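Written below as structure tokens is the structure these notes are about.
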Amino acid sequence: MSLDEFFCIGITVTLGSHRFEPEAIKAFARKYDPQIFHIDEEAARNSIFGGLCASGWHTAATWMKLNLQAGMEAEVARWPGPGPVPEFGPSPGFKNLKWPKPVYAGETVTFTRTALAHRPVASRPGWRLLTLRSEAFDSTGDKVIEFESAVLVKVE
């Protein structure tokens, strides 16, 4: 099996769905992003959004949670070798983060990732950098978050 096959390059994986409940939106926002349209339903109705909506960081954190839960277990379970199973490490970061549409209270969002490419890391022999397109969509199919992320993978 090639690393392209192992990483499922070009294949979109559904990580799962999450319903953004009003109380959870407010709790997250009170702790991490206390803007009025995330914590007060009345004020949110009078805001540019017209209703209570989740922080974009709440949406991003939910992608991360579902990504870790989905993990790369399916890929790891498929590893026939040679050598040890590739080990997924930390992320060195992300870029091009966009929140094209608000996530309103009560909305269910479906999260995905698509492996785009991988390359050796010159400064870390035996490691590769895997890049992913990370996205989520509301119940109407509209995109609510997108970003490109990366993860380090030990392959030797």
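Computed from a predicted model, the values in this text were never measured in an experiment.
Side chains of Leu129 and Pro92 form a contact here, defined as non-hydrogen atoms less than 4.5 Å apart. Annotation: side chain of Phe20 is in contact with side chain of Val109 (closest heavy-atom distance under 4.5 Å). Annotation: side chain of Leu116 is not in contact with side chain of Ile9 (no heavy-atom distance under 4.5 Å). Lys101 is listed as a side-chain neighbour of Thr140, based on a closest heavy-atom distance under 4.5 Å. Considering only heavy atoms from C-beta on, Asp138 stays 4.5 Å or farther from Tyr104 through its side chain.
Note: Glu42 CD to Ile36 CD1 = 10.5 Å, rounded to the nearest 0.5 Å. Going from atom OG of Ser47 over to atom CD of Gln35 covers 10.0 Å, rounded to the nearest 0.5 Å. To the nearest 0.5 angstrom, Glu148 atom CD is 4.5 Å from Lys95 atom NZ.
For Ile145 against Lys143, the heavy-atom pair with the smallest separation is O-CG, 3.5 Å. Between Phe7 and His118, the shortest heavy-atom contact is CD1-CD2, 3.5 Å.
Of the residues listed (Gln69, Arg113, Met64, Lys65), the one engaging Leu15 in a side-chain contact (heavy atoms from CB on, under 4.5 Å) is Arg113, and it is the only one. Tested against Trp99 for a ring pair (Phe, Tyr, Trp, His ring centres under 6.0 Å), the candidates Phe49, Trp63, Phe147, Trp57 yield a single pass: Trp57.
Using cut-offs of 30° and 60° for the angle between ring planes, the Phe28 and Tyr32 rings count as tilted.
For Arg45 (side chain) and Gly50 (main-chain N/O), no donor-acceptor pair under 3.5 Å exists by modelled atom type.
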Take His38 and Cys53 through the side chain to side chain contact (heavy atoms under 4.5 Å, CB included) test and state the conclusion after the steps.
-> CA-CA 6 Å; His38 299 320; Cys53 59; 4.1 Å; yes
Taking it one step at a time, do Phe37 and Ile48 satisfy side chain to side chain contact (heavy atoms under 4.5 Å, CB included)?
-> CA-CA 9 Å; Phe37 38 80; Ile48 190 170; 5.5 Å; no
